[in-house]
Amino acid sequence: MEVSYVCQAASALRPNDDFVLATESFVIVLDGATAPAGVDSGCVHDVPWLVARLGANLAGLLLREPRAGLVDVLRRGIAATMGEHADTCDLENPDSPSSTAVMLRCGAQTVDYIVLGDSAIVIEHSAGHGAGAGASAGASASSTELTIAHDDRTAHLSDYSVRGVSRLRNTDEGFWIASNRPEAADKAIVGSIPIGDVTRVALMTDGITRLVERYGRTWLDVLERMDKYGPREVVADVRAEELATPSGTYRGKVHDDATAVFCRF
């Protein structure tokens, strides 16, 4: 697997809460979430600390146990990270620092994936092989198709107030994310595809998925653009769209940290 990526902060004036770790056999992408201003997270650490520790713990498990199920890896990675600050932080706080989690792994027979939180994986592969749990497939050519694993539960919340999001975090009525509940891993989108059938994969945080969700691109458009011009061009596309969009058009940040990863098989 050949991997290229860009992980760009929303602004040079603040830390990048995204995180990427890639080897020849797996990719980990995390997107940390900062508590809103004025909200006590109960944690003495910042979000970059959380994603760095979670990423390291996940990578360690993938290296030591390459055949472990990805749900189990994510569950144990969350638990291990909690253990590193349980003595100093209030891990019962629902606003404890959190992160999306995406992993792609090349095994001997299959390409395995998992998505928790509002990030996405787009996998191009030979037609006729079903997608994993929670994924959707769309035709990209007569002999290939796309499997899209995209956890969009944050787009369907009943309450977007600060208190409402806090109440809905890590619940079945809201959304699940990697934070202080290891069982969140059981709510992730997971799947496997025969490795010989996979041709290209794109992984992205919600700083990139807004190209599809807001700006009218398709998943295939994003994959093709990464392939032809590289991940940096896709990040540039996002920034251009953000600058061209009138302020207040969309809920949330005008600019977000943006991570785009392209894998060729």
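FYI, side chains are in, hydrogens and waters are out, and symmetry mates aren't considered; it's all heavy atoms of this structure. All values reported here derive from a predicted model rather than from experimental measurement.
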> Look up atom CG in L203 and atom CD1 in I123, then write down how far apart they are to the nearest 0.5 Å.
8.0 Å
> Run the salt bridge (charged side-chain N to carboxylate O under 4.0 Å, His left out) check on R217 and E224 step by step: do they pass?
CA-CA 11 Å; R217 310 291 181 92; E224 292 280 11; over 6 Å; no
> Is there a side-chain contact between L58 and L30 (heavy atoms, below 4.5 Å)?
yes
> Is it the case that more than 12 heavy atoms not belonging to R232 sit under 6.0 Å from its CZ atom?
no
> Could you walk me through whether D151 and K187 pass salt bridge (charged side-chain N to carboxylate O under 4.0 Å, His left out), step by step?
CA-CA 10 Å; D151 188 345; K187 308 295 184 176; over 6 Å; no
> Excluding sequence neighbours, so at least two apart, what forms ring-ring contact (aromatic ring centres under 6.0 Å, His included) with W176?
none
> Could you walk me through whether V238 and L211 pass the side chain to side chain contact (heavy atoms under 4.5 Å, CB included) test, one step at a time?
CA-CA 6 Å; V238 169; L211 281 172; 3.4 Å; yes
> Please check if atom CG in D87 has more than 12 non-hydrogen atoms from other residues, nucleotides or ligands closer than 6.0 Å.
no
> Treating Ile, Leu, Val, Met, Phe, Trp and Tyr as nodes and any side-chain heavy-atom pair under 4.5 angstrom as an edge, say whether I189 and V261 lie in one connected cluster.
yes
> Taking the side chain as every heavy atom from C-beta outward, state whether E241 and R214 have any atom pair closer than 4.5 Å.
no
> Would the number of heavy atoms belonging to other residues, nucleotides or ligands and lying under 6.0 Å from CZ of R14 be above 12?
yes
> Are I78 and F175 connected in the hydrophobic side-chain network, where two residues link if heavy atoms are under 4.5 Å apart?
no
> For H125, which of T144, T147, D197 qualifies under side chain to side chain donor-acceptor pair (under 3.5 Å)?
T147
> Using modelled atom types and a 3.5 Å cut-off, is there a donor and acceptor pairing between side-chain atoms of D17 and backbone atoms of A33?
no
> Compare all side-chain heavy atoms of D90 with those of C43 and state whether any distance is below 4.5 angstrom.
no
> Evaluate side chain to side chain contact (heavy atoms under 4.5 Å, CB included) for E233 paired with R225, printing each intermediate quantity in order.
CA-CA 7 Å; E233 192 67 18; R225 195 138 174 90; 3.3 Å; yes
> Taking all non-hydrogen atoms of both residues, which atom of V73 and which atom of A68 are closest, and how far apart?
CG2-CB, 3.8 Å
> Return the OG1 to CG distance between T245 and L243, rounded to the nearest 0.5 Å.
8.5 Å
> Working to the nearest 0.5 Å, report the span between OG of S11 and CG of L13.
3.5 Å
> So V27 and L21, do their side chains get closer than 4.5 Å, heavy atoms only?
no
> Strictly by side-chain hydrogen bond (donor to acceptor under 3.5 Å, both in side chains), give each pair with a member in residues 38-47 just once, sequence neighbours left out.
none
> Decide yes or no on side chain to side chain contact (heavy atoms under 4.5 Å, CB included) for T81 and L50, but give the supporting numbers first.
CA-CA 8 Å; T81 304; L50 176 79; 3.8 Å; yes
> D118 vs R153, test: salt bridge (charged side-chain N to carboxylate O under 4.0 Å, His left out). Steps then yes/no.
CA-CA 7 Å; D118 57 358; R153 280 173 277 201; over 6 Å; no
> Can you tell me which residue pairs pass the ring pair (Phe, Tyr, Trp, His ring centres under 6.0 Å) test with a partner in residues 227-249, sequence neighbours excluded?
none
> If you measure from CD1 on I177 to OG on S99, what distance do you get to the nearest 0.5 Å?
6.5 Å
> Could you check whether any side-chain heavy atom of P94 comes within less than 4.5 Å of a side-chain heavy atom of N170, counting everything from C-beta outward?
no
> What pair of heavy atoms forms the shortest contact from S192 to T110, and how long is it?
CB-CB, 4.2 Å
> Which heavy atom in A260 sits nearest to a heavy atom in M226, and how many Å separate them?
CB-CE, 3.6 Å
> Please determine whether a side-chain nitrogen of the Lys or Arg among R76 and D72 lies less than 4.0 Å from a carboxylate oxygen of the Asp or Glu.
yes
> Verify, without hydrogens or angle tests, whether S96 (side chain) and N93 (backbone) share a donor-acceptor contact under 3.5 angstrom.
no
> Shared ILVMFWY cluster between F26 and V51, side chains joined below 4.5 angstrom?
yes
> Would you check if there is a donor-acceptor pair between the side chains of N57 and E84 at a distance under 3.5 Å?
yes
> Using modelled atom types and a 3.5 Å cut-off, is there a donor and acceptor pairing between side-chain atoms of Y160 and backbone atoms of A155?
yes
> When you look at E124 and L223, which way does the side chain to side chain contact (heavy atoms under 4.5 Å, CB included) test go after all the steps?
CA-CA 9 Å; E124 182 188 71; L223 180 67; 3.9 Å; yes
> Rounded to the nearest 0.5 Å, what separates atom CE in M1 from atom CZ in R105?
11.5 Å
> Looking at D95 and R163, is any side-chain nitrogen of the basic one under 4.0 Å from a carboxylate oxygen of the acidic one?
no
> Any side-chain heavy atom of V222 sitting closer than 4.5 Å to one from V122?
no
> Atom OG in S126, atom CD1 in I193: separation rounded to 0.5 Å?
9.5 Å
> Less than 3.5 Å apart, any donor N or O on the side chain of E213 or H150 sitting next to an acceptor on the other?
yes
> Look at the side-chain heavy atoms of Ile, Leu, Val, Met, Phe, Trp and Tyr, link any pair under 4.5 Å apart, and say whether V201 and I195 land in one connected group.
yes
> Hydrophobic clustering (ILVMFWY, side-chain heavy atoms < 4.5 Å, transitive) - are V162 and L157 grouped together?
no
> Which pair of non-hydrogen atoms, one from N16 and one from A9, has the smallest distance, and what is that distance?
ND2-N, 3.5 Å
> For E173 and R167: C-alpha separation, side-chain torsions, deciding distance, then whether salt bridge (charged side-chain N to carboxylate O under 4.0 Å, His left out) applies.
CA-CA 9 Å; E173 293 72 32; R167 176 177 57 82; over 6 Å; no
> Shortest non-hydrogen contact from V71 to V190?
CG2-CG1, 3.6 Å
> Decide yes or no for M103 and L74: does some side-chain heavy atom of the first lie under 4.5 Å from some side-chain heavy atom of the second?
yes
> Is a donor from one side chain sitting under 3.5 angstrom from an acceptor on the other, for S119 and D31?
no
> How close do V29 and T205 get, heavy atom to heavy atom, and via which atoms?
CG1-CG2, 3.6 Å
> Within a strict 4.5 Å, meaning less than it, do heavy atoms of the F262 and D227 side chains meet?
yes
